[in-house]
Amino acid sequence: MSSLIHLVLCLILTAIPVPTGKPVTAAAVVCVLSCDTLDPSKAQQDTFPVPDKVFNGRLLRLHASDADGMAWGSIDRGVAGDSVWLDRSWDGGATWEGLLGKASIPGTWTGTRTLMYNVTDPGKHRRGLIRVCGDAAGVTCTEWIHPKVCDVVCDGATQPDGDTQPVPPTTLFGRTIRLHVDGNAMAWGTIESGARGDEIWLDRSWDAGASWAGGSSLGRTSVAAGASTGRTALFATRDPRGRHYGGAVRACGREAGHQEGSCTAWPVRHRPARRRRPTRSCIPTIRIRAGGRAAGGTRRRR
């Protein structure tokens with residue numbers, strides 16, 4: 001009887017469907033100047049780059065230290081059980097790693113904070129965004145930190161300082177699409193010989209064009225009625241705050257009557273050649289002995 005019961009139980013258990021789907025995995029630890037989960041007491045700065053959020057009487061705040069390249073969050077005016085955490089995105093906010101450093105207000109306290117997390121990951125050529133979220137009888141989040149890239153000027157500037165074209169233009173149904181870069185490494189795109197509805201935009205990559213998550217369709221602009229040209233605003237190719245110095249951009253365009261587009265090449269950044277150190281050499285010397293006889297020899301030049 002026991003064997004029969006065991007067999008029946010096995011059949012029942014194997015018939016129960018097992019939930020499918022991708023397993024939830026923890027975010028990979030990012031290390032730059034310091035690694036994720038640094039205590040905020042060690043922060044070199046404490047700034048507030050986005051407006052606070054006040055919800056249900058609670059104060060939700062995002063803290064940042066550009067000197068460390070890290071951020072953390074806090075919730076105050078709360079009660080036990082209220083929680084706070086960070087979201088971090090590597091694609092401009094389309095998706096994110098959630099619940100980073102989640103902390104809940106304990107006991108009779110009225111506030112708490114998360115640990116510090118890196119905003120950027122230059123070692124893997126990933127530019128990140130971070131926001132702080134809180135749960136106190138409802139969930140809310142602040143804005144993302146530093147969505148615009150700033151160098152000498154910031155994304156969206158309109159006045160270039162010079163004009164070079166680092167790659168040949170591309171053409172599409174009689175249109176000419178060009179990439180321009182100024183003396184501050186700010187880039188923009190133009191479309192010529194166009195018509196109403198044609199479009200021009202930039203793609204920006206932090207890994208030499210291998211990917212451009214969060215950097216597609218920057219400054220997308222349409223040619224106005226009665227015009228034949230269009231141009232984007234300026235966008236940075238360096239991000240000193242995020243420690244990204246090798247950004248690349250390309251200009252892309254679309255003719256209004258067709259679905260396909262065309263893009264210029266990604267500019268190739270050439271590292272300056274290293275100067276070779278002078279090498280020691282041996283040169284022949286002549287020593288004149290008494291009596292007029294010459295003796296060969298060498299003298300090492302240093």
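The two atoms that bring Gly162 and Asp182 nearest to each other are O-CB, 3.3 Å, heavy atoms only. Here the shortest heavy-atom pairing between Gly197 and Ser222 reads O-OG, 4.4 Å. Contact between Leu62 and Ala71 at its shortest, heavy atoms only, is CD1-CB, 4.2 Å. In this structure, Pro166 and Pro267 approach most closely via the heavy-atom pair CG-CG, 4.0 Å. For Ser205 against Ala210, the heavy-atom pair with the smallest separation is OG-N, 3.9 Å. Residues Ala64 and Ile145 approach most closely at CB-CD1, 3.7 Å, considering heavy atoms.
Among residues two or more places apart in sequence or in another chain, the ring pair (Phe, Tyr, Trp, His ring centres under 6.0 Å) test is passed with Trp72 by His63. Every salt bridge (Lys or Arg N to Asp or Glu O under 4.0 Å) that Arg127 has, sequence neighbours left out, goes to Asp239. Judged as a side-chain hydrogen bond (donor to acceptor under 3.5 Å, both in side chains), and not counting sequence neighbours, the contacts of His180 are Asp163, Thr190. The salt bridge (Lys or Arg N to Asp or Glu O under 4.0 Å) test applied to Arg220 returns Glu199, not counting sequence neighbours. For Ser211, the side-chain hydrogen bond (donor to acceptor under 3.5 Å, both in side chains) criterion is met by Asp207, not counting sequence neighbours. Checked against side-chain contact (heavy atoms from CB on, under 4.5 Å), Asp36 has the following partners two or more places apart in sequence or in another chain: Val29, Val30, Arg88, Tyr117, Asn118.
Contact check on Arg131 versus Glu143 returns no salt bridge, with no Lys/Arg side-chain nitrogen under 4.0 Å from an Asp/Glu carboxylate oxygen. Asp121 and Arg243 are not joined by a salt bridge, as no carboxylate oxygen comes within less than 4.0 angstrom of a charged side-chain nitrogen. Comment: Arg58 does not engage Asp76 in a salt bridge, judged by the lack of any side-chain N to carboxylate O separation of less than 4.0 angstrom.
Leu179 and Met186 are not part of a single hydrophobic cluster, where members link through side-chain heavy atoms under 4.5 Å apart. Leu129 and Val50 fall into different hydrophobic clusters, where Ile, Leu, Val, Met, Phe, Trp and Tyr residues are linked whenever their side-chain heavy atoms come under 4.5 Å apart, directly or through other members. Grouping the Ile, Leu, Val, Met, Phe, Trp and Tyr side chains by contacts below 4.5 angstrom, directly or via other members, places Leu86 apart from Leu38. When hydrophobic clusters are built by joining Ile, Leu, Val, Met, Phe, Trp and Tyr residues whose side-chain heavy atoms come closer than 4.5 Å, directly or via intermediates, Trp85 is not grouped with Trp96. Both Ile191 and Leu172 are assigned to one and the same hydrophobic cluster, defined by single-linkage of ILVMFWY side chains at heavy-atom distances under 4.5 Å.
In this structure, the separation between CD on Glu97 and CD1 on Ile130 is 9.0 Å, given to the nearest 0.5 Å. Annotation: the span from Cys35 atom SG to Leu115 atom CG amounts to 13.0 Å, rounded to 0.5 Å. Summarising the geometry, atom OG belonging to Ser65 is positioned 5.5 Å from atom CD belonging to Gln44; distances are rounded to the nearest 0.5 Å. Atom CZ of residue Arg250 and atom CG of residue Leu218 lie 11.0 Å apart, to the nearest 0.5 angstrom. Atom OG of Ser41 is separated from atom CG of Asp46 by 11.5 Å, given to the nearest 0.5 angstrom.
By the 4.5 Å heavy-atom criterion applied to side chains, Val79 and Thr110 are not counted as neighbours. Contact of the Cys252 side chain with the Leu202 side chain is not registered, since no non-hydrogen atoms from C-beta on lie closer than 4.5 Å. Counting heavy atoms from C-beta outward, Pro40 and Arg113 have side chains that approach closer than 4.5 Å. Between Thr158 and Trp188 the shortest side-chain heavy-atom distance does not fall below 4.5 Å. Considering only heavy atoms from C-beta on, Gln159 stays 4.5 Å or farther from Asp161 through its side chain. Pro160 is listed as a side-chain neighbour of Leu234, based on a closest heavy-atom distance under 4.5 Å. When side chains are defined from C-beta on, Thr237 does not count as touching Val181, because their heavy atoms never get closer than 4.5 Å. At a threshold of 4.5 Å between non-hydrogen side-chain atoms, the residues Trp266 and Asp203 count as touching.
No option in His244, Arg241, His146 other than His244 meets the side chain to side chain donor-acceptor pair (under 3.5 Å) test with Thr120. When each of Lys42, Met116, Met70 is tested with Ser34 by the rule side-chain contact (heavy atoms from CB on, under 4.5 Å), just one qualifies, namely Met70.
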Would Asp151 and Asn184 satisfy side chain to side chain contact (heavy atoms under 4.5 Å, CB included), going step by step from the backbone distance to the final call?
-> CA-CA 8 Å; Asp151 189 3; Asn184 294 323; 5.8 Å; no
Decide side chain to side chain contact (heavy atoms under 4.5 Å, CB included) for Ile75 and Ile105; before the verdict, give the C-alpha distance in whole Å, the side-chain angles of both, and the deciding distance to 0.1 Å.
-> CA-CA 8 Å; Ile75 187 170; Ile105 298 178; 4.1 Å; yes
Taking it one step at a time, do Arg196 and Val223 satisfy side chain to side chain contact (heavy atoms under 4.5 Å, CB included)?
-> CA-CA 5 Å; Arg196 179 180 181 178; Val223 175; 5.6 Å; no
Please lay out, stage by stage, how Asp52 and Thr142 fare under the test side chain to side chain contact (heavy atoms under 4.5 Å, CB included).
-> CA-CA 7 Å; Asp52 297 338; Thr142 67; over 6 Å; no
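Of the possible donor and acceptor atoms, none in the side chain of Gln165 sits under 3.5 Å from a partner among the backbone N and O of Val167. Using modelled atom types, one side-chain atom of Gln45 and one backbone atom of Ala67 make a donor-acceptor pair closer than 3.5 Å. Using modelled atom types, no side-chain atom of Asp66 and backbone atom of Gly69 make a donor-acceptor pair closer than 3.5 Å. Listed for the Asp87 side chain is no donor-acceptor partner under 3.5 Å among the backbone atoms of Leu100. Not one N or O on the side chain of Asp135 forms a donor-acceptor pair closer than 3.5 Å with the backbone of Ser83. At least one donor-acceptor pair under 3.5 Å links the side chain of Asp155 to the backbone N or O of Val149. Counting only distance, with no hydrogens or angles, the side chain of Thr264 and the backbone of Ala251 share a donor-acceptor pair below 3.5 Å. Looking at Ser228, its side chain never comes within 3.5 Å of a backbone N or O of Ala195 through a donor-acceptor pair.
Ser262 and Thr170 are linked by a side-chain donor-acceptor pair at a separation below 3.5 angstrom, with hydrogens and angles left out of the test.
Trp90 has its ring centre no less than 6.0 Å from the ring centre of Trp206.
Both the sub-6.0 Å distance and the 45° axial angle are not jointly satisfied by Arg254 relative to the ring of Trp201.
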